[in-house]
Amino acid sequence: MIAPELIALLEYLLPGFVAAWVFHGLTAHPRRSQFERIVHALILLLFVLAGVAAVKAVLLFIGKWWHIGQWTEDARLVTSLILAAVVGVAFSAAANSDLLHRGLRSCELTKETSRPSNWYEAFCTYGDYVVLQMHDGRRLWGWPLAWPSSPEIGHFVISQPTWLDGSTPIPITGVESVLISSADVRWVEFLEKNWGRGHT
C-alpha cells in the first residue's frame with residue numbers, strides 16, 4: 001500500500017513532470033539521463049509554483065468584491081496542472097525560437113544557442129533550398145519540409161526534388177516529395193535565398 005505522504009509528494013511534483021513532458025514533446029532536445037530530467041522537472045516546477053501563488057493571490061484579491069468560490073486543494077491541483085502545460089509550451093517556444101539565447105548573444109554573454117545542436121541550428125537559420133550530397137556522389141536539390149534532429153539518425157523530407165548534374169537540374173517528374181535517410185547523406189549545402197527560384 002502506498003503511503004499517503006508519498007502520494008502527496010507525487011501530487012506536489014506532478015506539475016513539474018507535466019511541464020517537462022510538454023517541453024520535450026514540442027522540442028527536438030534529446031532526453032537526458034534520469035537525474036538531469038528530474039532536475040529539469042524541478043526547475044520547471046518552481047515556475048509553476050510561482051504561477052500558482054500569483055493566481056491564488058489574484059483570485060483572493062478579486063474575492064474581496066466578488067465571490068468566485070473557495071481556494072481548495074482541488075483548485076490548487078487543477079491550476080498547477082494548467083500552468084504546467086502553459087510553462088511547458090512557453091519554454092518550448094523560447095527554445096525553438098532561440099529567443100533567450102539570442103538576447104544573451106546580443107549582450108555578448110554567451111555564444112550558445114537554445115537549440116539542441118549546431119546541426120539543428122543550421123537548418124533553423126539557413127532553412128531555404130538545400131542540396132544533399134550523397135555518399136555515392138549524387139546531388140539532390142529541393143526544399144526541406146523536415147529534417148532529422150541529429151545527423152546520425154532520421155530522414156529528410158525534400159519537396160520539389162531535383163537531381164543535379166553539375167549545376168544542371170534534372171527534375172523528378174510526378175513526385176511531390178522524397179524521403180532520404182540521413183545515413184545516405186555525406187553533407188548538406190545551404191543555398192543562397194534566391195538560388196532555387198530559377199531552378200523550379
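For the pair I158/P144, a side-chain contact is recorded, criterion being any heavy-atom separation below 4.5 Å from C-beta on. Within the 4.5 Å cutoff, the side chain of V185 has heavy atoms near those of the M134 side chain. Side-chain contact between W163 and D165 is absent, with no heavy-atom pair separated by less than 4.5 Å. No side-chain heavy atom of S114 sits less than 4.5 Å from a side-chain heavy atom of L100. Contact of the D128 side chain with the L191 side chain is not registered, since no non-hydrogen atoms from C-beta on lie closer than 4.5 Å. Side-chain contact between L42 and L13 is present, with at least one heavy-atom pair separated by less than 4.5 Å.
At a threshold of 4.5 Å between side-chain heavy atoms, the hydrophobic network of Ile, Leu, Val, Met, Phe, Trp and Tyr places F61 and V52 in one connected group.
Residue T110 holds its OG1 atom at 8.0 Å from CZ of R105, rounded to the nearest 0.5 Å. In this structure, H29 NE2 and F91 CZ are separated by 12.0 Å, a value rounded to the nearest 0.5 Å. The distance from atom CD of E112 to atom CG of D98, rounded to the nearest 0.5 Å, is 10.5 Å. Atom CG of residue L145 and atom CD of residue Q160 lie 8.5 Å apart, to the nearest 0.5 angstrom. With rounding to the nearest 0.5 angstrom, the CG atom of L83 is 12.5 Å from the CG atom of L44. The structure places OG1 of T113 at 11.0 Å from OH of Y120, a figure rounded to the nearest 0.5 Å.
Counting all heavy atoms, side chain and backbone alike, I153 lies closest to P148 at O-CB, 3.1 Å. Shortest non-hydrogen contact noted between P171 and T162 is N-CG2, 3.7 Å. The two atoms that bring Y12 and L45 nearest to each other are O-CD1, 3.6 Å, heavy atoms only. When all heavy atoms are compared, the tightest approach of V89 to V22 is N-CG1, 3.7 Å. Heavy-atom minimum distance, V48 versus S80: CG1-O, 3.4 Å. Taking both residues in full, the closest heavy atoms of A95 and F23 are given as CB-CE1, 3.9 Å, listed atom of the first, atom of the second, then distance.
W119 places no side-chain N or O within donor-acceptor distance of the main-chain N or O of E152, the cut-off being under 3.5 Å. With hydrogens and angles ignored, the 3.5 Å screen pairs a side-chain donor or acceptor of R115 with a backbone N or O of N96. Remark: the backbone N or O of A183 is paired with a side-chain donor or acceptor of H135 at under 3.5 angstrom. Of the possible donor and acceptor atoms, one in the side chain of R102 sits under 3.5 Å from a partner among the backbone N and O of S97. Judged by distance alone, the side chain of R76 and the main-chain N or O of W71 form no donor-acceptor pair under 3.5 Å.
Between F123 and F156, the ring planes are tilted. Angles from 30° to 60° get that label. Below 30°, between 30° and 60°, or above 60°: for Y129 and W141 the angle between ring planes is below 30°, a parallel geometry.
For residues 173-185, there are no side chain to side chain donor-acceptor pair (under 3.5 Å) pairs, not counting sequence neighbours.
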